K.L.:
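Sharing a structure with you now.
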Amino acid sequence: MTTGVVDAEELSTRYGMEVKTEVIDRVAHASDASHYLYTPKAVIEARSAEHVAAIFRAGRQQNVPVALRSGGTSLAGQASGDGYLVDVRKHFRGIEVLDEGKRVRVQPGATVRQVNARLGLRNRKLGPDPASESACTIGGVVANNSSGMACGTELNTYNTLESLTFVLPTGTVINTADADADRQFQEQEPELVETLTRLQRRVRDNQESVDIIRRHFQLKNTMGYGLNSFLDFDSPVKLFEHLLIGSEGTLAFIAEAVLRTVPISKLTTTTVAVFDDLTAATKSLPALLDTGAATLELMDSASIRVGQGFDKVPQAITGFDVDKQAALLIEYHADAEEELREKEGKGSQLLRELPLQSPAAFSADAASRNTAWSFRKGLYAQVAEARPSGTTALLEDIVVPVGDLADTCSSLQELFARYGYDDAVIFGHAKDGNIHFLLTDRFEGDDAIGRYNDFNEGMVDLVLSAEGNLKAEHGTGRAMAPYVRRQYGDELYAVMQELKRACDPSNTMNPGVILDDDPDAHIKNIKLNPTVEEEVDRCVECGYCEPVCPSRDLTLTPRQRIVVRRARKRAEEAGDSQLVAELDEAYEYMGIETCAVDSMCRTACPVGIDTGKFIKRLRREEAQPAQQKLWGAAAKNWQVVSQGAGLALTGAHLLPTELVKKVTDVGRSLIGTDNLPQYQPELGKGGKSRGRLAGRVGDRYAQTTGIYLPACVNTMFGPQGGGKGTTDSFVVLLERAGVALEVPEGIDKLCCGTPWASKGMQAGHDAMEQRVRDIVMEATDGARLPVIVDASSCTAGFKDMLESVGITVIDAISFTADTLLPQLAVKNPAASVTVHPTCSAFQLGMMEDVEKVARAAAAEVHIPTDWNCCGYAGDRGMLHPELTDAATRAEAAQVKEIGAQYHASTNRTCELGLTRATGEDYHHILELLEQATR
């Protein structure tokens with residue numbers, strides 16, 4: 001499609017949309033999780049269905065294609081394009097739970113995990129259960145007709161949809177839940193309704209077409225359009241509503257959907273059974289299905305070989321050399337113990353009769369189940385991670401009748417061997433006859449492309465000869481668009497073409513996706529990734545990191561930070577120095593300055609990439625000698641610096657807030673926003689010196705059980721709203737519990753090192769680390785005593801410094817949960833508290849302890865399902881207040897909705913960030929416990 005000139009000014013000024021045409025925005029959004037690369041001419045942040053309608057009209061008038069992006073985990077290339085790329089995630093994250101959780105109204109930008117977190121409070125969940133639930137959005141789930149591990153076809157999007165609101169390329173907006181939706185549809189789109197009615201008669205009157213549709217849609221099927229809608233629905237609006245499911249943004253924009261939910265099974269039991277070979281595993285499937293198995297996840301020998309390298313793996317796949325073995329992850333669900341035992345008994349009896357590598361035992365243990373699922377869900381990313389640098393990971397999914405799966409898998413392995421894909425892996429949802437296979441290669445040059453094409457032809461013939469579907473879950477996209485005609489035949493392909501023309505006569509919406517008559521379309525614009533920095537080179541661009549990134553709605557996500565580095569490398573290799581310079585200039589703010597370096601991305605990344613750590617390295621490399629010298633001096637004189645900061649805040653607190661803010665704003669304009677913090681009203685007064693506590697604290701008659709390192713952030717930033725403060729509250733709790741700790745002399749000189757590490761000031765960090773080790777090693781009697789720290793981010797920093805030399809570091813909350821709570825009497829619990837857990841508490845594995853202390857201190861405890869890193873990140877939230885504003889927006893709205901009596905967190909700077917975001921005073925959770933035990 002020929003693209004016109006993007007009229008960004010009209011869309012931004014007339015409609016108030018943010019239209020991004022800078023090169024860094026366009027390349028950052030170019031990649032999705034597929035093996036295709038299309039760079040848009042503009043990225044537009046739509047705020048409403050009406051905005052999307054305006055973009056459709058503009059695209060049609062200007063001859064510019066439009067692609068909708070809600071997430072970008074898409075594996076078949078349907079979430080990218082070279083015209084307008086419309087971000088329908090940022091402003092479309094609404095979730096409304098209806099009928100006590102039996103239904104839910106959702107917008108396209110909410111992830112499956114976010115929706116299920118809300119529903120889980122009512123013991124419900126969505127029907128579709130894709131493995132990528134942490135990142136895949138409802139927009140993708142509906143547009144791809146997602147299913148998953150357990151839902152099969154019965155509980156997929158098609159069968160759990162109640163209604164939706166759609167926007168046609170003409171601008172027409174229809175809510176199918178309206179009582180007069182059919183009338184609206186007829187009046188506003190008479191030609192489209194007439195075409196739908198005519199196509200329905202054409203399909204229903206052709207028995208061959210009916211038979212083909214029934215055959216293909218009795219299996220999982222995301223190949224082409226959902227033609228089963230013509231057979232299943234009579235009402236034009238309900239017919240079209242279901243045609244939109246799986247339409248991949250080619251017919252309309254789905255602005256909102258109401259879905260029926262399903263109950264969460266109360267009980268589960270799981271095992272991983274290792275069979276002698278793949279044929280034995282797949283031939284066992286019909287019998288296992290008859291026992292009532294909820295999930296049967298298949299993993300071939302290559303999968304087991306990869307899995308044996310995981311940090312934690314099911315014991316069943318360890319202890320042997322992998323040859324031809326294959327594994328099944330088998331799980332049963334039930335609501336009653338008796339029912340579960342009956343299913344488990346049938347499964348166990350059957351497995352004893354099958355050719356297993358070793359006996360398989362079921363377990364209801366949650367940790368064992370999590371390990372098994374981590375093995376299964378981590379396969380794609382782990383195989384992709386192990387690929388040679390510069391190659392592309394290509395993941396496809398097919399489905400055949402379960403009875404044909406054994407022969408299909410065997411033939412697939414023969415195809416892998418014939419075409420030299422020696423590292424190919426097979427895994428997937430064997431219960432449904434649905435498997436995924438992963439190939440890695442550099443799809444460049446005649447040999448590589450020719451080999452892939454020949455393999456593809458063989459695979460297509462194999463699947464269609466078994467009366468299967470060429471796509472089961474991931475959508476047709478660009479990868480299988482040239483093969484839609486072959487699967488359905490000329491007649492039904494013509495029906496699909498006419499449907500597309502009736503909805504989108506100018507072919508504006510996602511051209512080349514689902515339907516493409518170019519036989520070579522699937523091998524065009526294949527993404528060739530150059531080798532970039534070692535820390536991030538393994539990235540498969542899946543986007544799992546994006547929902548947990550605090551800068552995701554402000555500048556760049558971790559995926560985008562990596563994508564831009566790859567774009568820069570391509571430009572460098574092409575000799576385009578101007579593009580390199582443009583990307584570098586924009587990356588300084590978007591990639592480096594506004595990264596919170598909180599490492600939450602690592603917790604979500606399936607291959608463990610820590611983009612925050614990578615950005616810290618870039619900061620180290622950029623740090624000027626004068627900056628290094630200044631921060632080195634700060635490390636040597638930390639007592640003066642930390643106490644001086646506290647005194648300065650106390651002095652500033654006595655002056656009008658706007659006056660102090662104006663002073664800092666002037667300074668920021670002179671020396672840069674990344675060098676001088678902006679004064680914020682939540683800062684309040686400074687705190688007290690830590691040196692006053694040197695010596696024994698707590699019960700002075702008890703034996704010292706550890707070393708206490710009060711965090712310097714509590715010296716710099718005093719408690720919110722005139723409270724007691726974290727440090728003094730913890731000391732009082734020690735006294736009440738009859739426990740003694742020792743605060744070392746020289747405590748005012750110590751810091752966890754985070755200010756230096758986050759800014760890339762290595763020399764200062766090294767100097768502080770050595771001082772901390774020297775003082776703490778002596779204080780702990782050669783690492784005999786543990787160290788207790790009262791701010792979670794500082795706990796993490798001290799762990800990095802001290803645990804490598806054998807010193808145990810414990811957060812004060814965990815210490816309180818384990819040691820103090822049993823000795824404390826709660827006399828005055830708060831009515832309710834809302835807790836912000838913090839990214840450091842999450843990464844330290846403290847969440848259970850945080851809840852335990854909170855539940856001791858308050859009758860009702862709320863943890864917002866929308867909590868995320870607040871982006872305050874030490875002083876980052878003062879250097880760039882816009883980062884914290886963007887990071888906390890969703891959580892702040894939920895906090896207001898909850899309306900608790902108290903608000904608490906685990907770290908002083910995070911308390912500042914949440915206080916600013918919500919207007920509520922946040923205190924450390926130990927302050928609340930101190931009040932409750934008075």
Side-chain angles (χ1 to χ4, degrees), residues 149 152 219-220 271-291 293 295-308 313-314 316-331 346-361 372 375-376 379-380 383 395-439 455 458-470 472:
M149 279 85 64
L219 305 173
K220 285 184 176 181
T271 192
V272 174
V274 179
F275 291 76
D276 291 343
D277 56 39
L278 187 62
T279 299
T282 49
K283 284 189 177 298
S284 73
L285 291 170
L288 283 166
L289 270 174
D290 288 342
T291 67
T295 58
L296 293 167
E297 291 295 300
L298 176 69
M299 293 147 284
D300 69 352
S301 58
S303 302
I304 296 173
R305 195 174 293 112
V306 170
Q308 287 183 339
V313 294
I317 71 162
T318 64
F320 61 90
D321 294 329
V322 181
D323 182 22
K324 296 181 179 180
Q325 296 91 341
L328 285 175
L329 191 164
I330 307 167
E331 190 164 277
K346 290 180 180 179
S348 297
Q349 176 61 40
L350 177 60
L351 289 175
R352 284 193 288 270
E353 301 168 2
L354 296 173
L356 300 186
Q357 181 84 9
S358 58
F375 163 47
R376 160 60 186 90
L379 282 172
Y380 161 62
V383 174
L395 184 69
E396 284 292 1
D397 76 309
I398 59 172
V399 63
V400 295
V402 173
D404 294 308
L405 190 59
D407 291 340
T408 300
C409 288
S410 178
S411 298
L412 258 183
Q413 289 184 319
E414 291 175 8
L415 286 173
F416 296 153
R418 185 185 311 165
Y419 294 107
Y421 295 118
D422 299 329
D423 297 325
V425 176
I426 295 174
F427 55 91
H429 318 309
K431 177 175 72 74
D432 304 306
N434 170 207
I435 57 169
H436 308 307
F437 61 87
L438 180 69
L439 312 176
F455 166 82
M459 182 272 293
V460 169
D461 287 341
L462 172 65
V463 173
L464 295 183
S465 67
E467 297 190 341
N469 295 320
L470 297 172

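Small disclaimer: the values here were computed from a predicted structure and weren't measured. Index from 1, following the sequence.
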K.L.:
Looking at CD of E396 and CG of L470, how far apart are the two atoms once the value is rounded to the nearest 0.5 Å?
P.N.:
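If I round to the nearest 0.5 Å, the distance is 9.0 Å.
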K.L.:
Do D300 and F437 have side chains that get closer than 4.5 Å, going by heavy atoms?
P.N.:
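Counting from C-beta outward, D300 and F437 never come under 4.5 Å.
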K.L.:
Can you name the closest pair of heavy atoms from I317 and V272 and give their distance?
P.N.:
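Nearest heavy atoms, I317 then V272: CG2-CG1, 4.0 Å.
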K.L.:
Taking all atoms of both residues into account, what is the closest heavy-atom pair of M149 and T295, and its distance?
P.N.:
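Closest approach of M149 to T295, heavy atoms only: O-CG2, 3.7 Å.
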K.L.:
Supply the atom-to-atom distance Q325 CD to L278 CG, rounded to the nearest 0.5 angstrom.
P.N.:
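That separation rounds to 11.5 Å.
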K.L.:
Hey, could you give me the CG/CG distance between L438 and L379, rounded to the nearest 0.5 Å?
P.N.:
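Here the interatomic distance stands at 9.5 Å.
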K.L.:
Let me confirm one number: the CD1-OG distance from I426 to S303, rounded to the nearest 0.5 Å.
P.N.:
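OG of S303 is found 8.0 Å from CD1 of I426.
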K.L.:
What heavy-atom pair brings A281 and L328 nearest, and what distance separates the two atoms?
P.N.:
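Looking at all heavy atoms of both residues, the closest pair is O-CD1, 3.7 Å.
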K.L.:
Of all heavy-atom pairs between A466 and P401, which one has the smallest distance, and what is that distance?
P.N.:
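The pair with the smallest heavy-atom distance is O-CD, 3.3 Å.
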K.L.:
Is there a side-chain contact between N469 and K220 in this structure, where contact means two heavy atoms from C-beta onward sitting under 4.5 Å apart?
P.N.:
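Not touching, per the 4.5 Å side-chain cut-off.
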K.L.:
Taking all non-hydrogen atoms of both residues into account, name the closest pair between T318 and Q308 and its distance.
P.N.:
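So the minimum-distance heavy-atom pair works out to CA-NE2, 4.2 Å.
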K.L.:
K431 versus L288: any side-chain heavy-atom pair under 4.5 Å?
P.N.:
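They are not in side-chain contact.
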K.L.:
Is the shortest side-chain heavy-atom distance between I398 and L412 below 4.5 Å?
P.N.:
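They are in contact (side-chain heavy atoms under 4.5 Å apart), so the answer is yes.
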K.L.:
So which atom in L354 and which in S284 form the shortest heavy-atom distance, rounded to 0.1 Å?
P.N.:
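What the structure gives for the nearest pair is CD1-CB, 3.7 Å.
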K.L.:
Side chains of H429 and E297: do they bring a donor and an acceptor to under 3.5 Å?
P.N.:
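Per modelled atom types, H429 and E297 side chains form a pair under 3.5 Å.
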K.L.:
May I ask you to check whether over 12 heavy atoms, not counting those of D290, lie within 6.0 Å of atom CG?
P.N.:
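More than 12 within 6.0 Å, yes.
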K.L.:
Would you indicate whether the side-chain heavy atoms of L298 and L285 approach each other to under 4.5 Å?
P.N.:
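No. Closest side-chain heavy atoms not under 4.5 Å.
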K.L.:
Do we see a donor-acceptor contact under 3.5 Å between the side chains of D407 and S410?
P.N.:
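Short answer, no.
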K.L.:
Around atom CG of D276, are there more than 12 heavy atoms from other residues, nucleotides or ligands closer than 6.0 Å?
P.N.:
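Counting neighbours around CG of D276, more than 12 heavy atoms of other residues, nucleotides or ligands fall under 6.0 Å, so yes.
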K.L.:
Flag the pair F320 / V274 as yes when at least one side-chain heavy-atom distance between them is below 4.5 Å, and no otherwise.
P.N.:
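Yes, close enough: below the 4.5 Å cut-off.
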